[in-house]
2 protein chains.
Amino acid sequence: MPATKNAISLVDSVSGRIVDLVRASHLDRLPTERFMSAQFGVSRGVIREATKRLELQGMLEIRQGSGMKVVDKLHKPLSSAVHLRVPDEKTRLVQLTEVRLALEPEQARLAAERATKADLKRLQDCHQRFTLCEDLETQVLADMEFHCLIAEASRNEVSSLLMQSLSDLLQSSLSHGYRRVTKDLAVDDHGKVLAAIVDRNGDAAAKAMRDHLTHARFDLGLQPKPRRTVKA
Amino acid sequence: MPATKNAISLVDSVSGRIVDLVRASHLDRLPTERFMSAQFGVSRGVIREATKRLELQGMLEIRQGSGMKVVDKLHKPLSSAVHLRVPDEKTRLVQLTEVRLALEPEQARLAAERATKADLKRLQDCHQRFTLCEDLETQVLADMEFHCLIAEASRNEVSSLLMQSLSDLLQSSLSHGYRRVTKDLAVDDHGKVLAAIVDRNGDAAAKAMRDHLTHARFDLGLQPKPRRTVKA
DNA sequence: GGCATGAATTGGTAGGACCAATTTTATACG
DNA sequence: CGTATAAAATTGGTCCTACCAATTCATGCC
């Protein structure tokens, strides 16, 4: 903790205690600031700073007049970090797509190996929703949901967290006119990914996902950077 | 912003203004809380909450009595999110390694295509440092630095941000006795990755990195999950 | 029972006081 | 003049009280 050499600040201590409380109690709402201030024996200011920290970390949603709700949106911090690091939307989309091309074929491969029946059901339901939906906003949501479900089916929580963050970032960009209307190709591609997962064929799932993302990149008007031909 | 329906909170507004200030001025230190409170016309409490947010986002380091230093550690939030989501260290390491197996070969491939002369020099210097170092802590640092430099050389900032976060998380685990002493193999593997990057051979770089990470996984005693043989 | 209004509750903000850690300044000594 | 030490100033951390803004709950009316 850079703030002190040895002593831990009250805000640090209290935020840790709130995390423990949330984990131990499975509450869906936290007590009020005033109550916790009395219970923990600290000022309301310290509670505020601690709870604001947890809000930023995606663990709480805080509403004036309404209280604090416990949520699980731990992917939020990455979304904002990426936003801060790469403020330009086009650049960000290019880079996110490259990262997806690395990550998602492996997610699909692992999903083919690890998906439960419930995972497959969710994927199939989502695919059907995507196939049938008409408006752009619902398309974007179903499209991203399909990808997040695959990440979940891979049984890798870090990967899933990354995918949720990427999904948030992508939804913003895709809703801003970066999407051309080629839903039918995406539906076809998703179908191939899903079929390979259902067949437990990891290689096919990875290839189908790679093909899909390559199509999506073209669809979004994002060309890969030209290959360098000069030696160092 | 869940806190209000339409109005943006002062903390939100002020934190945005501080980000703009940091970006516009290239200051390495921020003015004091009291000064900003007067300048922005808000209470010190609001400044505190705003600056604490930026500290958590990896943009500031705050020290009592000393002031606020502007830093660029935007990867920090992901590190803590992963820590919150996957508290068990062994599980986390398994999952991080899987993510690395997806991400890093592509980073190496792109680095082979995009690395500048300066990138290559840094990689070579780092590799030499790794080769010559003796103590475990320096090994871990040089090892992770090599990987982060490759991510930087890929010219993808999102990827680089991810790698920095993964590196932080890994350093913690690797320093806790998860590492067996097989530095020579890692030096050999890094050498192969570097040679492929220098040769501008993306495929070879990706393969060398995949091989390296496979070795590292074995080295760390992390076995892949058994393949499922049952159809859905 | 549904709707409108007022009261209570809960988070948001302001400001002043005081404490704790760091930096700067002043003083003493060789 | 240079160095070490102490004191003062500065800067972040915490506490308290008061008041504002948004939401929820209770009450009254039709």
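Since the structure is predicted, the reported quantities are computational estimates derived from the model, not experimental observations. To find a chain, count down the sequence lines: A is the first, B the second, and so on, and within it residues start at 1.
The nucleotide whose nearest atom lies closest to any side-chain atom of Leu10(B) is, among dG13(D), dA14(C), dG11(C), dA14(C). Listed nucleotides dT14(D), dT13(C), dG11(C) differ in distance to Ser43(A); the shortest reach to its side chain belongs to dT14(D).
Residue Glu49(A) contributes atom CD, which lies 12 Å from atom C1' of dC15(D) at whole-angstrom precision. Atom CZ of Arg48(B) is separated from atom C1' of dG16(C) by 15 Å (rounded to the nearest Å). Residue Arg63(A) contributes atom CZ, which lies 8 Å from atom P of dT24(D) at whole-angstrom precision. One interatomic measurement links the two molecules: CG of Leu54(A) to P of dG11(C), which rounds to 14 Å at whole-angstrom precision. The distance between atom CZ of Phe40(A) and atom P of dC15(D), rounded to the nearest whole Å, is 13 Å. Separating the CZ atom of Arg29(B) from the P atom of dT22(C) is a distance of 12 Å, rounded to the nearest angstrom. Summarising the geometry, the separation between CD on Glu33(A) and C1' on dC15(D) is reported as 15 Å, rounded to the nearest angstrom.
The pair Arg129(A)-Glu145(A) counts as a salt bridge, with a side-chain nitrogen and a carboxylate oxygen less than 4.0 angstrom apart. A salt bridge links Asp168(A) to Lys76(A): one of the charged nitrogens lies within less than 4.0 Å of a carboxylate oxygen. Of the charged side-chain nitrogens involved, none lies within less than 4.0 Å of a carboxylate oxygen, so that Arg114(A) and Asp119(A) do not count as a salt-bridged pair. For Glu61(A) and Lys73(A), the salt-bridge test passes: some basic side-chain N is under 4.0 Å from an acidic carboxylate O.
Residue-to-nucleotide proximity on DNA chain D shows that, of Met68(B) and Val46(A), the 5′-proximal contact is made by Met68(B).
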With a cut-off of 3.5 Å and sequence neighbours excluded, list every side-chain donor-acceptor pair involving residues 18-26 of chain B.
| from | atom 1 | to | atom 2 | distance (Å) |
| --- | --- | --- | --- | --- |
| Arg23(B) | NH2 | Leu84(A) | O | 2.4 |
| Ser25(B) | OG | Leu21(B) | O | 2.7 |
| Ser25(B) | OG | Leu27(B) | N | 3.3 |

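When heavy atoms are screened at a 4.0 angstrom cut-off, Gly45(A) is found touching no nucleic acid atom at all.
Taking the six-membered ring for Trp and thresholds of 30 and 60 degrees, His127(A) and Phe146(A) have ring planes inclined between 30 and 60 degrees apart.
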Dump every N/O contact between nucleotides 17-21 of chain D and the protein below 3.5 Å, one line per pair.
| from | atom 1 | to | atom 2 | distance (Å) |
| --- | --- | --- | --- | --- |
| dA21(D) | O4' | Gln64(A) | NE2 | 3.4 |
| dA21(D) | N3 | Gln64(A) | NE2 | 2.8 |

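Between Ser66(B) and the phosphate of dT11(D), there is no side-chain N or O to OP1/OP2 separation shorter than 4.0 Å.
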